[in-house]
Amino acid sequence: MRKLSVRNRILLLFAGAMLIAMALTFLLVYIVSASVMKKTLSDYLMSAVDTNADKLVYLTKEQAAGEMERDTNDLFVDYADGVLQIDDDFLEILNDVESALYTEEGELLYGDNSLSREMEGEAFTGSRLYEKRIQGERYVVYDRKFTGKKLDGLWIRGIVPLTRQEDQLAQITKSVLAFLPVMLLLVVAGSVLAAKGILQPIRQMEQTAAGIVGGEDLGRRIAVGKNKDELHSLAMSFNAMFDRLEQSFARERQFTSDASHELRTPLAVILTQAEYVAAKERSREEYKDAFTVVERQAKRMKRLVGDMLDLSRIAQGERRYPMETVSLSAIVSTVCEDMERIAYNDITIEANVAENVRLKGNADLLERLLVNLLDNAYKYGKTGGRTQVFLEEKDNVVSLKVRDDGTGISEGAKANIFDRFYREEEARSGNGYGLGLSLAAEIVQLHGGEISVESEKGAGSCFTITFPRERGTLTDSRF
Ligand code: ADP
């Protein structure tokens, strides 16, 4: 079964189900027909026997003598002390039903035929209907006892062959069998059509998906049918996946082009310096200046390449950065302490850290997140300014805030600062690449949190990060 194609599997299942249904229907028709036929036959037999039973009268010998003269057509058979008058309407054979009269002891009185003679030995055990096999043939027999009117001890036995019913059933079976090839053909044709119908939309999906994956057109989408069935949701899921793929391809393309663009300037500067020193003999001072420039540019490139590497590692998620229960309180306190020592532009860092705030996360990344934010607070802060860090936990939500009183961010830039390589106009001359906040945003996303910014140009900025903390998951008391 596993080696069969889906089409053939549907075909087999459909055809199998149809054949089983057909066989069961035939069986049911056969059984019902057989029982209805048997019932009809028995009713018919009983009514024939009952009719014949009415055609019998017991007479004394004297009465019989008179009757014999009057009714010459009737039959007169000696019975007990008198005579039985059998009406000439008593039909020994009526539509296959053969009737005969017997004494209690089984002696045949009237209705001599091969069957009645065969049945002569059969004892009478009460009025009953039963089946009997005589010379290989099946018969239904009905014994009926006479009562009253001096007829006690007299029996009438009707017998009818089952062959007619069997013939009819055989006829039905024959007709069905004659139709079998046609029905099989219909079943196979139906199965082929059903398999085709079921697979058609899937085939369409496959073709579109193959086209997209083949790189022909990432913008193509699978046609979503109107029926809200399983295929509809499958097509929707595929389309959602293609949307994400398209976006991520576009982002990757953009990233590569931005990164190359950013690397071009330092490379060009290094090349110019190399050509400058190689052109002719230079003084010691000139060499020193050239190498200082080369070193500065190489450091920039190193930082850029490092940030790019970090971004691609973060994209690998938990595989690269395993998550465990960490004390965010400890991380924030340590980073603030370390960064405070730099005291860039005399900016102070003030830490307001709630104790025992724990989180499921990666300590290296969370550290990196705060370093990036504090780095910016220094870079875009005013001399002698003040940066405040708040860590608190309320209603199972952990929030981390970094507030500075620096340059602030313009309204138009706020929506873009988390994009890769985005820098505000005035920040372009600085040594940043616009990757710090996008790294921060990716770290927050990896931890299932959210990052946002409030800022006013000239007044300062406040970055807020919230992490939902699953209730009851952090009972670890190591911190
Ligand atoms: P960069 O390396 O340029 O600092 P980031 O991604 O860290 O890159 O920041 C993107 C841009 O957002 C910066 O160029 C700057 O214009 C703005 N920015 C980020 N942090 C601050 C801040 N604390 N104050 C003012 N502007 C900020």
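All ligand and atom numbering here is 1-based and tracks the order in the structure. Quick caveat: nothing in here was measured; it's all calculated off a predicted structure. When a residue number appears, it is its place in the shown sequence, counting from 1.
- Note: an N/O pair closer than 3.5 Å links Leu437 and ligand 1 by distance alone.
- Ligand-side atoms of ligand 1 in range of Thr407: 25 (C), range being under 4.0 angstrom from any heavy atom.
- For Arg221 and Phe242, the positive end is not near the middle of the six-membered ring at less than 6.0 Å and at most 45° from its axis.
- Those atoms of ligand 1 with a heavy atom of Arg423 less than 4.0 angstrom away are 3 (O), 14 (O).
- At least one heavy atom of Phe463 sits under 4.0 Å from some atom of ligand 1.
- Side-chain polar atoms of Asp404 and Tyr378 form no donor-acceptor pair below 3.5 angstrom.
- Summarising the geometry, atom CE belonging to Met22 is positioned 6.0 Å from atom CG belonging to Leu180; distances are rounded to the nearest 0.5 Å.
- A side-chain donor from one of Glu424 and Ser410 sits under 3.5 Å from a side-chain acceptor of the other.
- With ligand atoms numbered from 1 in the order given, ligand 1 contributes 1 (P), 2 (O), 4 (O) to contacts under 4.0 Å with heavy atoms of Lys379.
- Looking at residues two or more places apart in sequence or on another chain, you find a side chain to side chain donor-acceptor pair (under 3.5 Å) between Asp50 and Arg144.
- When Ser410, Ala377, Gly432 are ranked by how near their heavy atoms come to atom 2 (O) of ligand 1, first place goes to Gly432.
- Ion pairing between a basic and an acidic side chain is recognised when a charged N comes within 4.0 Å of a carboxylate O; Arg320 and Glu442 show no such pairing.
- Annotation: Ile409 places no N or O atom under 3.5 Å from an N or O atom of ligand 1; distance criterion only.
- Heavy-atom contacts of Tyr422 reach the following atoms of ligand 1: 10 (C), 11 (C) (cutoff under 4.0 Å).
- At least one heavy atom of Gly408 sits less than 4.0 Å from an atom of ligand 1.
- Between Phe463 and Phe418, the two ring planes are perpendicular [angle over 60°; tilted spans 30° to 60°].
- Some N or O of Glu424 is nearer than 3.5 Å to an N or O of ligand 1, by distance alone.
- Atoms of ligand 1 lying under 4.0 Å from at least one heavy atom of Tyr433, given by number and element, are 2 (O).
- The aromatic rings of Tyr30 and Phe26 lie tilted to each other, with the angle between the two planes from 30° to 60°.
- Close approach to Leu435 involves these atoms of ligand 1, each under 4.0 Å from a residue heavy atom: 6 (O), 8 (O).
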